[in-house]
Enquirer: 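Sharing a structure here in structure tokens format.
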Protein chains: 2
Amino acid sequence: MARMSDADSASASVSDPESDCRGCADPAAAFAAHDHRHCAGDVLARAEALVAAGGVRLTPVRRRVLEILLEEHRALGAYDVLKRLAAEGFGNQPPVAYRALDFLAENGFVHRIRRLNAFAACMHPGEDHAPVFLICRNCNAVAEMPAAPVRAALGAAAADLGFAVERTTVEAMGLCPACCKSEAAP
Amino acid sequence: MARMSDADSASASVSDPESDCRGCADPAAAFAAHDHRHCAGDVLARAEALVAAGGVRLTPVRRRVLEILLEEHRALGAYDVLKRLAAEGFGNQPPVAYRALDFLAENGFVHRIRRLNAFAACMHPGEDHAPVFLICRNCNAVAEMPAAPVRAALGAAAADLGFAVERTTVEAMGLCPACCKSEAAP
DNA sequence: TCTATGTATGTAATATAATAACATGTCAAG
DNA sequence: CTTGACATGTTATTATATTACATACATAGA
């Protein structure tokens, strides 16, 4: 990492997907520049292994949707994904995208970011985790963070009330390190 | 509590608003039956005081929206609120509801439940709190829970990554005490 | 009191997100 | 080579949310 040119420190919606990689597996690197091609390939390989083991099928559409989210490396709306699919010859109606996304989400390959009505590829499929997301309100970067402490606190408090937690949505809006700096010195 | 008249059942799809009151200020009572009329009046009074102090205006529409959410005592979609408003002679276009809801949310009188695309009245306006919501997947009850430990865990972990948290969305889907029991013994 | 100003409300039109319902295609077990 | 399960494609519709602009309404200053 830290192989960054001067061009991409002030990234935004338009970004070089390789040098401006966000949200990868290592939380410490989540907001740092690094070679994302590697992460993406790795995740995809792991997904295929998991799928084979689990008796479900990673069909062309589903696989392509996962690839798109991995390449893009940020949260995409269902209709953004759909546009890409349509351009590549897949169906161009909403259910095509939603079905693939739902499948991937159910199987832990992508996460739904409710705050953004969007989806992002999971960076550690297979590992059981209830993810916490950090969303930068300035550059829209999304990072997946270890959630164990948060989940523990939540589960404990809920148990006191007799509430049985099954699934959690934990999302934090704020400023990523880069945007923190640029906001401080404009 | 449990002082219910026979007149006012039959409100929502599931619950009697008075005897089956959910999510009030006391977390211990959150999922317990009690007289909600008292909570609602109390919250409304507090809201008016806060508004006066804060230099913002609780206009008729805004006040009515808050009342509706307090009466209903569950999460309502913007269009549900809108229907009620229209029936009472207010405007019947979406912005009418969204503007009032946005105002109330910004000022801490209602919360947005992203998982449900809905809004619920806040049961302790004024107290600074980043709420945690418990949502029953069976009966749709929503309870507001103390969030300090969860917030602390989240903030600490994020700070390690250099991320500055500004707002959080923490929602847990699961089974409330009542539905837990009924699911165990059907 | 009048009128300028900011804020709130009303309305129309549109954008964005998600689902329902049904037809067609594909593949593997029997 | 048929059947059944699953996946994909398409049409239509519902649900959620915002933009843009017009109108009313309060109130501070001339």
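The chains referred to below are lettered A, B, ... by the order of the sequence lines, with proteins before strands, and numbering in each begins at 1.
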Enquirer: Considering only D/dG9, C/dA18, C/dA13, which nucleotide approaches the side chain of A/Val96 most closely?
Expert: D/dG9
Enquirer: Find out whether A/Leu66 and A/Leu44 are in side-chain contact, i.e. whether some heavy atom of one side chain is under 4.5 Å from a heavy atom of the other.
Expert: yes
Enquirer: Please evaluate the base of C/dA18 for a donor-acceptor partner in the side chain of A/Tyr79 within a cut-off of under 3.5 Å?
Expert: yes
Enquirer: Taking DNA chain D as the partner, which of residues 47-62 of chain B come within under 4.0 angstrom of it by heavy atom?
Expert: none
Enquirer: Could you give the CZ-to-P distance, from B/Arg99 to C/dA12, as a whole number of Å?
Expert: 13 Å
Enquirer: Do B/Arg46 and B/Asp42 meet the salt-bridge criterion of a basic N to acidic O distance under 4.0 Å?
Expert: yes
Enquirer: For B/Phe103 and D/dT18, what is the distance between atoms CZ and P respectively, to the nearest whole Å?
Expert: 18 Å
Enquirer: Could you check how far CD of B/Gln93 sits from P of C/dT11, rounded to whole Å?
Expert: 7 Å
Enquirer: Expressed in angstrom and rounded to an integer, what is the separation of B/Leu101 atom CG from D/dT18 atom P?
Expert: 11 Å
Enquirer: Please report, rounded to the nearest Å, how far the C1' atom of C/dA18 is from the CG atom of A/Asp102.
Expert: 9 Å
Enquirer: Given 3.5 Å as the limit, does a donor-acceptor pair link the side chain of A/Arg64 with the main chain of A/Leu85, or not?
Expert: no
Enquirer: Please examine the side chains of A/Cys136 and A/Leu175, heavy atoms only from C-beta on, and report whether any two atoms are closer than 4.5 Å.
Expert: yes
Enquirer: Relative to the 5' end of DNA chain D, which residue comes earlier, A/Asn117 or A/Pro95, by the nucleotide with the nearest heavy atom?
Expert: A/Pro95
Enquirer: Using a cut-off of 4.0 Å on non-hydrogen atoms, how would the nucleic acid contact of B/Arg112 be classed: base, sugar-phosphate, or nothing?
Expert: sugar-phosphate
Enquirer: Figure out the CG/C1' separation between A/Asp80 and C/dT16, and round it to whole Å.
Expert: 10 Å
Enquirer: Does CZ belonging to B/Arg167 count more than 12 external heavy atoms closer than 6.0 Å?
Expert: no
Enquirer: Check the distance between D/dA15's C1' and B/Arg114's CZ and give it to me in whole angstrom.
Expert: 16 Å
Enquirer: Taking CG from B/Leu104 and P from C/dA8, how many angstroms apart are they, rounded to a whole number?
Expert: 12 Å
Enquirer: Which label fits B/Tyr98 and B/Phe119: parallel for a plane angle under 30°, tilted from 30 to 60°, or perpendicular past 60°?
Expert: perpendicular
Enquirer: Using the side-chain hydrogen bond (donor to acceptor under 3.5 Å, both in side chains) rule, take B/Thr169 and B/Arg114 through it: C-alpha gap first, then chi angles, then the decisive distance, then the call.
Expert: CA-CA 8 Å; B/Thr169 302; B/Arg114 306 210 85 108; 5.1 Å; no
